[in-house]
Novice: 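Have a look at this one.
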Amino acid sequence: MSLLELYRRELRDGGLVEDPEQTLAAEQLELVRSALVAAGPLPAGGWLARLRGARPLPVRGLHLWGDLGRGKTWLRDLFKGPQAVTAPL
């Protein structure tokens with residue numbers, strides 16, 4: 001289940017009203033989640049591998065900013081939850 005599907009299910013099951021800006025944030029978080037899944041796990045080898053140049057491309061993150069009570073923490077919890085990520089990071 002994608003983060004966006006989980007977000008919509010939580011809205012429906014919790015009887016919450018959809019906020020267009022919050023939905024946009026959830027869509028952007030889903031893009032970050034998808035990029036992390038596509039990047040796969042970090043290569044083995046630790047610091048020695050990094051010295052030799054075996055460095056994965058970084059995934060651009062997302063900063064959530066807004067007024068108190070807009071659902072930033074809730075969205076973060078959905079993002080970090082085990083339901084949202086179906087592949088190992």
Side-chain angles (χ1 to χ4, degrees):
M1 173 178 297
S2 75
L3 185 133
L4 200 52
E5 291 169 336
L6 181 60
Y7 166 76
R8 290 192 171 120
R9 187 185 75 189
E10 292 289 322
L11 283 177
R12 184 189 67 236
D13 293 351
L16 303 171
V17 177
E18 185 171 354
D19 177 346
E21 291 179 4
Q22 192 179 63
T23 302
L24 178 61
E27 290 168 352
Q28 295 300 309
L29 281 170
E30 175 59 27
L31 293 175
V32 172
R33 187 204 67 81
S34 296
L36 287 169
V37 170
L42 293 174
W47 65 272
L48 187 56
R50 286 194 300 269
L51 284 176
R52 292 184 179 145
R55 300 180 75 183
L57 294 175
V59 173
R60 187 177 192 123
L62 181 68
H63 178 81
L64 296 178
W65 175 85
D67 293 334
L68 185 66
R70 293 298 305 266
K72 299 176 297 294
T73 302
W74 179 58
L75 286 173
R76 184 213 52 208
D77 291 345
L78 290 177
F79 179 80
K80 290 176 58 176
Q83 309 91 328
V85 178
T86 57
L89 295 179

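The first residue of the sequence shown is numbered 1, and numbering continues consecutively from there.
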Novice: Enter the distance from Arg60:CZ to Gln28:CD here, rounded to the nearest 0.5 Å.
Specialist: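 Arg60 CZ to Gln28 CD: 11.0 Å, rounded to 0.5 Å.
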
Novice: Taking only residues two or more places apart in sequence, or in another chain, which ones meet Ser34 in a side chain to side chain contact (heavy atoms under 4.5 Å, CB included)?
Specialist: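 In terms of side chain to side chain contact (heavy atoms under 4.5 Å, CB included), with neighbours along the sequence ignored, Ser34 is linked to Glu30.
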
Novice: Apply the test side-chain contact (heavy atoms from CB on, under 4.5 Å) to residues Glu10 and Leu16: give CA-CA distance (whole Å), side-chain angles for both, the deciding distance (0.1 Å), then the verdict.
Specialist: CA-CA 8 Å; Glu10 292 289 322; Leu16 303 171; 5.8 Å; no

Novice: Give a yes or no on whether Leu3 and Met1 share a hydrophobic cluster (residues Ile, Leu, Val, Met, Phe, Trp, Tyr; joining criterion: side-chain heavy atoms under 4.5 Å apart).
Specialist: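 Yes, Leu3 connects to Met1 through the hydrophobic network.
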
Novice: Determine yes or no for a side-chain-to-main-chain donor-acceptor pair under 3.5 angstrom, with Glu27 supplying the side chain and Leu4 the backbone.
Specialist: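 Looks like no, no N/O pair under 3.5 Å.
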
Novice: How many angstroms lie between atom CG of Leu29 and atom CG of Leu24, to the nearest 0.5 angstrom?
Specialist: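 Going from the CG atom of Leu29 to the CG atom of Leu24 covers 10.0 Å.
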
Novice: Quick check: closest heavy atoms across Val59 and Ala35, and the distance to 0.1 Å?
Specialist: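 Result for this residue pair: CG1-CB, 3.6 Å.
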
Novice: To the nearest 0.5 Å, what is the distance between NZ on Lys72 and CG on Asp67?
Specialist: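 So the gap between those two atoms works out to 7.0 Å.
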
Novice: Who are the side chain to side chain donor-acceptor pair (under 3.5 Å) partners of Glu18, not counting sequence neighbours?
Specialist: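 With neighbours one apart ignored, the set is Thr23.
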
Novice: Nearest 0.5 Å please: distance from the CG atom of Leu31 over to the CG atom of Leu36.
Specialist: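 Answer for the CG-CG pair, Leu31 versus Leu36, is 11.0 Å.
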
Novice: According to ring-ring contact (aromatic ring centres under 6.0 Å, His included), does anything in residues 8-35 pair up with another residue at least two apart or in another chain? List the pairs.
Specialist: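 Found none.
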
Novice: So which atom in Gly61 and which in Val32 form the shortest heavy-atom distance, rounded to 0.1 Å?
Specialist: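 It is C-CG2, 4.2 Å.
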
Novice: Using side-chain heavy atoms (C-beta onward) and a distance below 4.5 Å, is Leu64 in contact with Phe79?
Specialist: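 No - every pair of side-chain heavy atoms lies 4.5 Å or more apart.
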
Novice: Considering only heavy atoms from C-beta outward, does the side chain of Gln22 approach that of Leu75 to under 4.5 Å?
Specialist: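 Gln22 vs Leu75: side chains touch.
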
Novice: Could you give the distance from CG (Leu78) to CZ (Arg33), rounded to the nearest 0.5 Å?
Specialist: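 The CZ atom of Arg33 is 12.0 Å from CG of Leu78, to the nearest 0.5 Å.
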
